[in-house]
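Structure, as structure tokens:
Residue numbers count from 1 along this sequence. First listed ligand is number 1; within each ligand, the first listed atom is number 1. Values reported hereafter were calculated over all heavy atoms of this structure, with side chains retained and with hydrogens, waters and symmetry mates removed.
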Amino acid sequence: MCGIFGIYGHPEAANIAYLGLHALQHRGQESAGIVTTEDGRFHRRVGMGLVSESFGQAEFDQLPGRGAIGQVRYSTTGGSEMRNAQPFQYEYAHGGIAIAHNGNLVNAQGVRQRLEGRGSIFQTSSDTEVIIHLLAESHEPETLERLVSALRQVTGAYSLVLLTETKLIAVRDPHGFRPLVMGRLKDAFVFSSETCSFDLIEAEFIREIEPGEVVVVSDKGLRSFKPFEAVRDPEPQRFCVFEHVYFARPDSLVNGKSTYSAREKMGHQLAIEHPVEADVVIPVPGSGLPAALGFAKQSGIPFEMGLIRSHYVGRTFIELHDSIRHFGVRLKLSPVRSVVDGKRVVVVDDSLVRGTTSRKIVKMLRGAGAREVHLRISAPPTTHSCYYGIDTPTRSELIASSHEVEEIARYVTCDSLRYLSHRGMMESVGSNTAGDGFCSACFTGIYPVPFQDDQPDAQLVKLRMSKSGK
Ligand code: SF4
């Protein structure tokens, strides 16, 4: 999963891109990068780690220009290494081009093998690079046509921002798996994975980029195209429901809906579907919080912060110190004894992936005196891996792929475990009961775009969830 940002027509494009990426930091913490253009020249700075770790004054001094694109990355294809840090920037027969991508191409491996067979040499192990190779070998006269020709040859999930010497191009795949929004900042146009970027830079939100839409911004203004219309018609929108469940920031508007409200509704619906007698409702801090509020409001059970999250434990810190790694969840979360001691506690979380984190949370709460611990998950059981750009474990590691709910409850050692129904989740995000308009494959196994590369899951889908190590 990644966050992407673009701006065109602003004298401080790099500074604004920095702020935009900062607001998208929850979408990727492995690397951050910005590319700008000025007078036909490209300037690129990328670094490993957080946005704040990758950019200082020296970097900004080297990023002049009125156009910029940027990315924060969490790898799903291609390892976490400097050569895969985006945006990528290339020079080819028709000039220069830079690209930043959010999503996963499901046929990238096959396309890459064909390209390599024809002599292409790749600089990275990222799926994004195949788009540029396809664009470079196209015989179309204009960049835009070459890009469309390239994108017609790839399938899967992509929201893109690209920068040429004179244009910024924003694209969303025909299914619209990943979000991409457009806004205005004075005379400049801005693009971002989520609207929370616009709030920070005080840009006006205009609208979402539509599935299959290509938007081009240059000094001549803004143009919009639907070059994939023929492809799109039989393949309706499939926005990732997991963006609402877990990934997007709660203050963002994605797919036309407030993420916060969607999560609160999920909690509300969860309390209707699976009530329990208890003394207190507590969230797992982070994305589970609005759902816990919704659960508390619907059930009438008091809401309290029974778990406190430390904001100062970075992944690097844990990875560097072997001796403290086994403290794991305890480093991030600690129970509030005065809230849970002697109480029947409902813990609301947004997902239960391997079960190991939930098990530790239950143990912690019992250690702090909780009399009963009832776990409520504001989404259905995660039974399948994602091929479209969310960093989920392989299927064999997903506990719900091979265990019934009661078996999971025994493993987690909670007094009861219940999940929100698929129907409840879809209604909470404004869909119909069939889930039209959304992808929910990690809950159903019904994949809207078949995975075409002939490689094992483990190569494509890495083994961790990016935000909380679940
Ligand atoms: Fe989102 Fe799940 Fe579909 Fe992946 S499989 S796009 S995480 S809903």
Side-chain angles (χ1 to χ4, degrees), residues 1-4 26-28 74-77 101-108 127 154-160 172-180 193-194 211 235-249 252 254-255 257 259 262-263 266 287 349-354 377-401 419-453 457 460-468 470:
M1 177 52 69
C2 306
I4 56 174
H26 60 289
R27 298 184 71 88
Y74 201 95
S75 55
T76 46
T77 53
H101 174 197
N102 174 207
N104 254 17
L105 306 179
V106 294
N107 66 341
D127 57 339
V154 297
T155 53
Y158 55 84
S159 284
L160 305 171
R172 220 169 145 209
D173 69 71
H175 292 287
F177 279 103
R178 299 279 149 241
L180 189 60
S193 294
E194 294 183 34
E235 303 176 30
Q237 177 167 10
R238 291 293 179 187
F239 185 72
C240 168
V241 74
F242 212 62
E243 292 272 355
H244 275 306
V245 171
Y246 171 77
F247 216 84
R249 240 171 66 164
S252 280
V254 291
N255 202 37
K257 294 266 174 325
T259 306
R263 286 180 192 160
M266 288 172 201
S287 41
D349 203 355
D350 52 31
S351 49
L352 191 158
V353 180
R354 294 185 182 84
I377 307 296
S378 59
T382 310
T383 50
H384 291 73
S385 295
C386 176
Y387 296 142
Y388 311 127
I390 295 265
D391 204 8
T392 50
T394 52
R395 191 156 183 230
S396 59
E397 292 179 292
L398 295 168
I399 191 166
S401 73
Y419 292 86
L420 181 62
S421 66
H422 184 263
R423 176 185 177 150
M425 175 179 70
M426 298 320 306
E427 287 180 349
S428 300
V429 299
S431 178
N432 56 17
T433 51
D436 287 346
F438 286 85
C439 173
S440 60
C442 48
F443 305 112
T444 61
I446 301 167
Y447 290 95
V449 177
F451 178 54
Q452 295 171 21
D453 281 339
D457 277 8
L460 180 79
V461 185
K462 293 188 61 182
L463 305 181
R464 54 192 185 273
M465 296 289 284
S466 63
K467 281 203 300 186
S468 62
K470 281 188 261 193

| message | Suppose the cut-off is 2.8 Å; how many protein N/O/S atoms fall inside it around atom 1 (Fe) of ligand 1? | response |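 Counting protein N, O and S atoms closer than 2.8 Å to atom 1 (Fe) of ligand 1 gives 1.
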| said: Checking side-chain polar atoms at under 3.5 Å, does His422 have a donor or acceptor matched by the opposite partner on Thr444? | reply: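 Side chains of His422 and Thr444: no pair found under 3.5 Å.
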| Which residues pass the salt bridge (charged side-chain N to carboxylate O under 4.0 Å, His left out) test with Glu243, sequence neighbours left out? |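 With neighbours one apart ignored, the set is Arg27, Arg178.
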| said: Test of understanding: with salt bridge (charged side-chain N to carboxylate O under 4.0 Å, His left out), list the residues that count as partners of Arg172, not counting sequence neighbours. | reply: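 For Arg172 the salt bridge (charged side-chain N to carboxylate O under 4.0 Å, His left out) partners, ignoring immediate neighbours, are Glu208.
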| Do Met266 and Val429 come close enough that some side-chain heavy atom pair is under 4.5 Å? |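 In contact.
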| field | Any donor-acceptor N/O pair, Asn102 side chain to Gly3 backbone, under 3.5 Å | value | no
| Sidechain-backbone polar pair: His175 side chain, Pro236 backbone, donor-acceptor under 3.5 Å |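 A pair under 3.5 Å: yes.
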| Got a sec, which residues hit ring pair (Phe, Tyr, Trp, His ring centres under 6.0 Å) with Phe438, two or more places apart in sequence or on another chain? | none
| said: With a heavy-atom distance limit of 4.0 Å, tell me whether His244 approaches ligand 1 through its side chain, its backbone, both, or neither. | reply: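 Under 4.0 Å from ligand 1, His244 contributes no heavy atoms.
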| How far is atom 6 (S) of ligand 1 from its nearest protein heavy atom, and which residue and atom is that? | Arg178 NH2, 3.3 Å
